[in-house]
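See structure below.
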There are 2 protein chains.
Amino acid sequence: MSDPLNYLFGALADPNRRQVIGLLSERGSATATELTGELPMTRQAVSKHLTTLADAGLVASARQGRETRYTLTQTGAEWDDRLDALRRHLQKRTL
Amino acid sequence: MSDPLNYLFGALADPNRRQVIGLLSERGSATATELTGELPMTRQAVSKHLTTLADAGLVASARQGRETRYTLTQTGAEWDDRLDALRRHLQKRTL
DNA sequence: CTATAGCGCAACTTGGAGGTTGCACATGAT
DNA sequence: ATCATGTGCAACCTCCAAGTTGCGCTATAG
């Protein structure tokens, strides 16, 4: 059994994945193809990131019809806030 | 310029590095060779991890004499606490 | 002054993460 | 029934992080 913190921090370590969290926070929900428009990579790459985020418990998927919509979980939303706070916090320390 | 969050989460993503944080929290300070006794790897590997933690601002190094002692920074100590809190938090969600 | 303990640097190997392409499957529209 | 849209799966490539080994430098001990 692997430490859940591995999944969590591993997921948060990638800047593209953090951006996905931000986008999901803005939009409420999105599909992989929608997010592809905002990111410099293919749909499959986005899809992999979403899977990684889901494994970490930050994102939930729900297939309706022929599309799969992703939303932030409670934990994911909390981390979206914490990321902003952390950025500001680290800004101050670097000044 | 790379996002400081990359360094931070990248550093925290490795379980060995989190263990190093815990060990430094227990001991107050330690050298790379001392920590090697507690970890399943060579001194150079431990040294690399300490450098990574230092780059993330979690650890500080101070060479005195022929040994280099490492200590947690303020940020590092805060994260040591948060890691425990996060483990407990994720435990509950998994039950 | 010599020996030894501690450290840093550099080269090398390897496994996995991030990304791409290609194809097959399912669902909604015409 | 057909065509288009959205997705998932699998193979492949590339690059870097994690770890090792080997060597050389510095500093304390004898």
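None of the values given here were measured: they were computed from a predicted structure. Throughout, protein chains are lettered first and strands after them, A, B, ... in sequence-line order, and every chain is numbered starting at 1.
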Quick tally for nucleotides 17-30 of chain C: nucleotides whose base has a protein heavy atom under 4.0 Å get B, sugar-phosphate-only ones S, the rest -, giving -SBBBB----BB--
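At the phosphate of C:dG6, neither OP1 nor OP2 sits under 4.0 Å from any side-chain N or O atom of B:Thr31. Proximity of B:Thr68 to the phosphate of C:dG8: a side-chain N or O atom is located under 4.0 Å from OP1 or OP2.
At a threshold of 4.5 Å between non-hydrogen side-chain atoms, the residues A:Glu38 and A:Val46 do not count as touching. Looking at A:Leu58 and A:Leu8, their side chains come closer than 4.5 Å, going by heavy atoms from C-beta outward. Under the 4.5 Å side-chain criterion, counting only non-hydrogen atoms from C-beta, B:Leu53 is not in contact with B:Tyr70.
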request  = Evaluate the criterion side-chain contact (heavy atoms from CB on, under 4.5 Å) for residue pair B:Asp3 and B:Phe9; output intermediate values, then yes/no.
outcome  = CA-CA 10 Å; B:Asp3 191 334; B:Phe9 289 123; over 6 Å; no
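Checked by atom type and distance alone, the side chain of A:Thr73 pairs as donor or acceptor with a backbone atom of A:Gly57 at under 3.5 Å. No donor-acceptor distance shorter than 3.5 angstrom exists from the side chain of B:Arg69 to the backbone of B:Ala62, with no hydrogens or angles considered.
Cluster membership check: A:Leu12 shares its hydrophobic cluster with A:Leu50, using side-chain heavy-atom separations under 4.5 Å among Ile, Leu, Val, Met, Phe, Trp and Tyr.
Counting 5' to 3', DNA chain D first comes under 4.0 angstrom of a heavy atom of chain A and last does so at the ends given by D:dA4 to D:dC9.
Minimum heavy-atom separation, B:Thr71 to B:Gly28: CG2-O, 3.4 Å.
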